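The figures here come from the full heavy-atom set of this structure, side chains too, leaving out hydrogens, waters and symmetry mates. Each chain gets a letter, A, B and so on, in the order the sequences are listed, and its residues count up from 1. Note that the structure is predicted; figures quoted are calculated from it, not measured.
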Amino acid sequence: MTAITWQQTSADGAARRGWLDTPHGRVETPVFMPVGTRGAVKAVDSDDLKAIDTGIVLANTYHLMLRPGSESIEKLGGLHSFMNWDRPILTDSGGFQVFSLDPLIEEEGVSFRSTVDGDPVKLTPESAVRIQEGLGADIIMVLDVCVGLPAPPTVVKAEMERTLRWAERCINAQQRSDQGLFGIIQGGVDPDLRVLSARETAQMDFPGFGIGGLSVGESGTDRNRAIEAATSELPVDRPRYVMGLGDPEGLVDAVARGMDMFDCVLPTRHARHGKVMTASGDLNIRNQEYELDTGPLDESCQCLTCRHYTRAYLRHLFRMKEITAMRLLSIHNLSYLTDLMRDARVAITEGNFATFNADFRETRRPGSA
RNA sequence: GUGGCCGUAGCUCAGUCUGGUAGAGCACCUGGUUGUGGUCCAGGAUGUCGCGGGUUCAAGUCCCGUCGGUCACC
């Protein structure tokens, strides 16, 4: 009995719908997972997330190991209890920080300088697993090396191979049986490397697979090709998680190619910067054109923000840097992506995903509003 | 009343000594941010240089006058 299982409930072309079962319940896929780096999705709380119908959230090993420390969280009863979230949680391993914080990478592990106090911090495949076991998420990730693109092919290949070696070490380090450890596929935008990485990773029999190293500046065409290459080698009965992907078009592209899970800071970060995702395209709430606009952010949205507040009011709050603006815009953007995935699931079941995809793209086009 | 200082973009002010394309920060108007540092970056619009006269090829800058503000002293 593995902690994490996934089963397909319907499909339309390559797109697929399913159930992801975890110790904290079932999540319908495809699903978007809000990012709660330090045990909180910025600007919103767990009640807000439930109102949005968030099924699962992500938290971050690197940030939580520094503060408050996984030992503290373990003593406090684990991450679920700590953050008052009784639905599934996925923790990222710190692999992305390998990319974003530019640490020293050695075969043993990676060495960072702490972003909190400047102290040297080391993360190895074994310690990444140990820390994630202390945090107690339902799904944990292997420590990988995410290479910034573009990068020399030799570097992409070498770090993809290092990720494979580290994946083995993570499996050997795992002690808890009530968590699902996902492997991560690397290989940049080279389809051959993606195939190789996926084949080797799939042989390790993980209960699910992350596709990492994307959404780091590559074109949509390159990303889709990399996803397709990786998928060709992945088992059909395991969930596929595209790490860091969050732009609406990218999500639908990935769902069309059989991807099941996504996480991204985009909806919440954009919210804090005034950018709003809507069915008729993105808009910037600080723009002057909304000064006297009494409509909702998105006519087709039923979120708390769209039910109660006007664009004019939200523009005012945002320009005045009122904390409430961040909460309300975050609620909306998270709702938009959550609802987009819900609509995709329905379309898959009804067998009209292609129509859904075409309509989505048409209405998102600039000026179509 | 006398003396000093100040008056330049919506705001706060550089630039005046030593004349040579009207500037900065903030604010304003746009764009960017993908396994999170509420940041940051990039671009754009903005002028009766208080007013009047003079000197000069050329004045925000030098000279004279004047108006307004402010401080000190009577």
| said: Tell me whether the count of non-hydrogen atoms from other residues, nucleotides or ligands lying under 6.0 Å of CD in A:Q175 goes above 12. | reply: no
| task | For residues A:F182 and A:I140, determine if any side-chain heavy atom of one lies less than 4.5 Å from a side-chain heavy atom of the other. | result | no
Is the shortest distance from a Lys or Arg side-chain nitrogen in [X] or [Y] to a carboxylate oxygen in the other one below 4.0 Å?
X: A:R17; Y: A:D260; value: no
X: A:E161; Y: A:R165; value: no
X: A:R225; Y: A:D222; value: yes
X: A:R130; Y: A:E133; value: no

If only atom types and distance count, is the side chain of [X] paired as donor or acceptor with the main-chain N or O of [Y] below 3.5 Å?
X: A:S330; Y: A:A271; result: no
X: A:D12; Y: A:F353; result: yes
X: A:R315; Y: A:R286; result: yes

Give none if [N] has no partner; otherwise give the nucleotide forming a Watson-Crick or G-U wobble pair with it, both distances under 3.5 Å.
N: B:U61; result: none
N: B:C73; result: B:G1
N: B:U36; result: none
N: B:G23; result: B:C13
N: B:G43; result: B:C29
N: B:G7; result: B:C67

Does [X] reach a base, just sugar-phosphate, or nothing at all? Heavy atoms under 4.0 Å.
X: A:G250; answer: nothing
X: A:Q186; answer: base
X: A:D263; answer: sugar-phosphate
X: A:I184; answer: base

| said: Within residues 42-63 of chain A, which residues have any heavy atom lying less than 4.0 Å from an atom of RNA chain B? | reply: A:K42, A:L58, A:N60, A:H63
Nucleotide [N], atom [atom2] - distance to [atom1] of [X] in whole Å:
X: A:E291; N: B:C28; atom1: CD; atom2: P; value: 12 Å
X: A:F96; N: B:G35; atom1: CZ; atom2: P; value: 5 Å
X: A:D282; N: B:U34; atom1: CG; atom2: P; value: 14 Å

| Stacking here means centres under 5.5 Å and planes under 30°; does A:H273 stack on B:U39? | yes
What integer number of Å spans the [atom1] atoms of [N] and [M]?
N: B:U16; M: B:C5; atom1: P; value: 16 Å
N: B:C71; M: B:G52; atom1: C1'; value: 27 Å
N: B:G25; M: B:A9; atom1: P; value: 16 Å
N: B:A22; M: B:A59; atom1: C1'; value: 13 Å

Under-4.0 Å side-chain N/O to phosphate OP1/OP2 contact, [X] with [N]:
X: A:R319; N: B:C29; result: yes
X: A:R315; N: B:C29; result: yes
X: A:K275; N: B:U33; result: yes

| query | Under 6.0 Å from the six-membered ring centre of A:W6 and within 45° of its axis: does the NZ or CZ of A:R240 meet both? | reply | no
| RNA chain B: A:T268 or A:N287, which has the more 5' nearest nucleotide? | A:N287
Selected nucleotide, minimal atom distance to [X] side chain, candidates [options]:
X: A:N284; options: B:U34, B:G31, B:U30; result: B:G31
X: A:C264; options: B:G35, B:U36, B:G38; result: B:G35
X: A:M326; options: B:G38, B:U36, B:U33; result: B:G38
X: A:Q288; options: B:U36, B:U33, B:C29; result: B:C29

Would you tabulate the pairs of protein nitrogen or oxygen atoms and nucleotide nitrogen or oxygen atoms of nucleotides 43-45 of chain B closer than 3.5 angstrom?
none

| field | Polar side chain donor-acceptor pair, A:T91 to A:Q132, under 3.5 angstrom | value | yes
